[in-house]
Participant: 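Got a structure for you, questions after.
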Amino acid sequence: MDEQAEISTPKDAANNALVLAFGRLQGAANRLEYILGRALETECGISHLMFEVLLILGRAGEPGLSMRAIAQEQVLTTGGATRLVDRMEAAGLVERVEDPGDRRGRLVRLTPLGERTTVAASRLHVENIRRYFLAPLPVEDRERFAENLRMLSHAARDMLPRLP
């Protein structure tokens, strides 16, 4: 890819190799998000964003995570994270508990239903990832592709400002 190609017309912009590559990445991510997210909603009754929060909480284990940590991981405002956790709490997937390290603080953790939903949704998700994300790629490229995505994700995360 020519990273130094001059862009002087809209056609140049539309045909720039880097612009095209990023657009393809974004288009693939959006389409896969739709396909995999719809399966989670249809078959497990949760949004993809809820699923991601369930995974974050499952990874964190006991005693749970603060709303700020959830917001930071999902690139949400604390208000957006609070509304999402409110819906998840109403659905019985998570609960708010006292923070053992801060008497004024509250943590969010999985309920038994949240744990079961995480496992069931993950099994479906893995099946769909194999089908829609891995199957179209050559077998010999899959591991390297996944590692490159991990590096991109971490680099982008590290460039974001931390929530106060």
Side-chain angles (χ1 to χ4, degrees), residues 1-61 65-88 90-91 93-94 108 110 114 117-164:
M1 275 185 257
D2 181 9
E3 298 178 23
Q4 300 298 321
E6 183 176 328
I7 299 173
S8 56
T9 67
K11 189 172 184 174
D12 291 342
N15 292 323
N16 179 277
L18 289 176
V19 171
L20 283 170
F22 187 77
R24 289 178 183 132
L25 173 68
Q26 192 169 29
N30 290 342
R31 291 178 192 102
L32 289 169
E33 162 65 26
Y34 178 80
I35 293 167
L36 276 61
R38 185 164 170 79
L40 288 169
E41 287 182 24
T42 302
E43 298 188 36
C44 299
I46 60 171
S47 69
H48 195 183
L49 187 54
M50 285 182 177
F51 177 61
E52 292 294 332
V53 171
L54 292 174
L55 292 175
I56 290 167
L57 293 172
R59 195 174 301 120
L65 287 177
S66 68
M67 294 299 294
R68 177 183 297 183
I70 293 169
Q72 188 76 46
E73 284 294 319
Q74 283 301 303
V75 194
L76 295 169
T77 63
T78 52
T82 298
R83 287 187 296 276
L84 177 63
V85 168
D86 286 346
R87 291 194 309 271
M88 295 175 73
L93 299 169
V94 300
V108 179
L110 296 175
T117 302
T118 303
V119 171
S122 294
R123 289 177 179 155
L124 170 71
H125 201 57
V126 166
E127 181 181 312
N128 284 331
I129 288 170
R130 284 188 182 119
R131 180 175 178 192
Y132 298 108
F133 181 72
L134 289 181
L137 299 174
V139 173
E140 64 274 10
D141 295 342
R142 292 176 183 172
E143 210 166 293
R144 183 68 192 165
F145 183 72
E147 177 59 18
N148 288 342
L149 288 176
R150 187 194 65 76
M151 288 190 303
L152 276 174
S153 177
H154 287 190
R157 180 196 63 200
D158 293 346
M159 285 185 253
L160 289 175
R162 288 282 182 208
L163 294 174

Participant: Could you check if a side-chain atom of Glu143 sits within less than 4.5 angstrom of a side-chain atom of Glu147, using non-hydrogen atoms only?
Facilitator: no

Participant: Looking at side-chain heavy atoms only, is the closest gap between Arg59 and Ile56 below 4.5 Å?
Facilitator: yes

Participant: For the CZ atom on Arg157, are there more than 12 heavy atoms of other groups (residues, nucleotides or ligands in this structure) within a distance under 6.0 Å?
Facilitator: yes

Participant: Counting only heavy atoms from other residues, nucleotides and ligands, does the tally under 6.0 Å from CZ of Arg130 exceed 12?
Facilitator: no

Participant: Return the minimal non-hydrogen interatomic distance between Ile46 and Ala121, and the atom names on each side.
Facilitator: CD1-CB, 4.0 Å

Participant: Determine whether Leu110 and Thr118 make a side-chain contact, defined as any pair of heavy atoms from C-beta on separated by less than 4.5 Å.
Facilitator: yes

Participant: Only pairs under 3.5 Å count here: list side-chain donor-acceptor contacts from residues 36-44, not counting sequence neighbours, and write none if there are none.
Facilitator:
| from | atom 1 | to | atom 2 | distance (Å) |
| --- | --- | --- | --- | --- |
| Thr42 | OG1 | Arg38 | O | 2.8 |

Participant: Does any part of the side chain of Met88, heavy atoms only, come nearer than 4.5 Å to the side chain of Leu54, both counted from C-beta?
Facilitator: yes

Participant: To the nearest 0.5 Å, tell me how far Met50 CE sits from Leu55 CG.
Facilitator: 13.5 Å

Participant: Please name all residues satisfying side-chain hydrogen bond (donor to acceptor under 3.5 Å, both in side chains) with Asn15, sequence neighbours left out, ordered by chain then number.
Facilitator: none

Participant: Which pair of heavy atoms, one from Ala81 and one from Ile70, lies closest together, and at what distance?
Facilitator: CB-CG2, 4.5 Å

Participant: Can you establish whether the number of heavy atoms outside Arg31 located under 6.0 Å from its atom CZ is more than 12?
Facilitator: no

Participant: Is Leu124 close to Asn128 at the side-chain level, that is, under 4.5 Å between some pair of heavy atoms?
Facilitator: yes

Participant: Report the residues that fulfil ring pair (Phe, Tyr, Trp, His ring centres under 6.0 Å) with Tyr34, sequence neighbours left out, ordered by chain and then residue number.
Facilitator: none

Participant: Could you tell me the separation between the CG atom of Leu149 and the NE2 atom of His154, rounded to the nearest 0.5 Å?
Facilitator: 11.0 Å

Participant: Taking atom CG of Leu93 and atom OG1 of Thr117, what is their separation to the nearest 0.5 Å?
Facilitator: 5.0 Å

Participant: Taking the side chain as C-beta and beyond, is there a heavy-atom pair between Arg131 and Glu127 under 4.5 Å?
Facilitator: no

Participant: To the closest 0.5 Å, what do you measure between CG (Asn16) and NZ (Lys11)?
Facilitator: 14.0 Å

Participant: Please report the interatomic distance OG(Ser47) to CZ(Arg87), rounded to the nearest 0.5 Å.
Facilitator: 6.5 Å

Participant: Measuring from His48:NE2 to Leu32:CG, what's the distance to the nearest 0.5 Å?
Facilitator: 10.0 Å

Participant: Step by step, would you call Glu6 with Asp12 a side-chain contact (heavy atoms from CB on, under 4.5 Å)?
Facilitator: CA-CA 8 Å; Glu6 183 176 328; Asp12 291 342; 6.0 Å; no

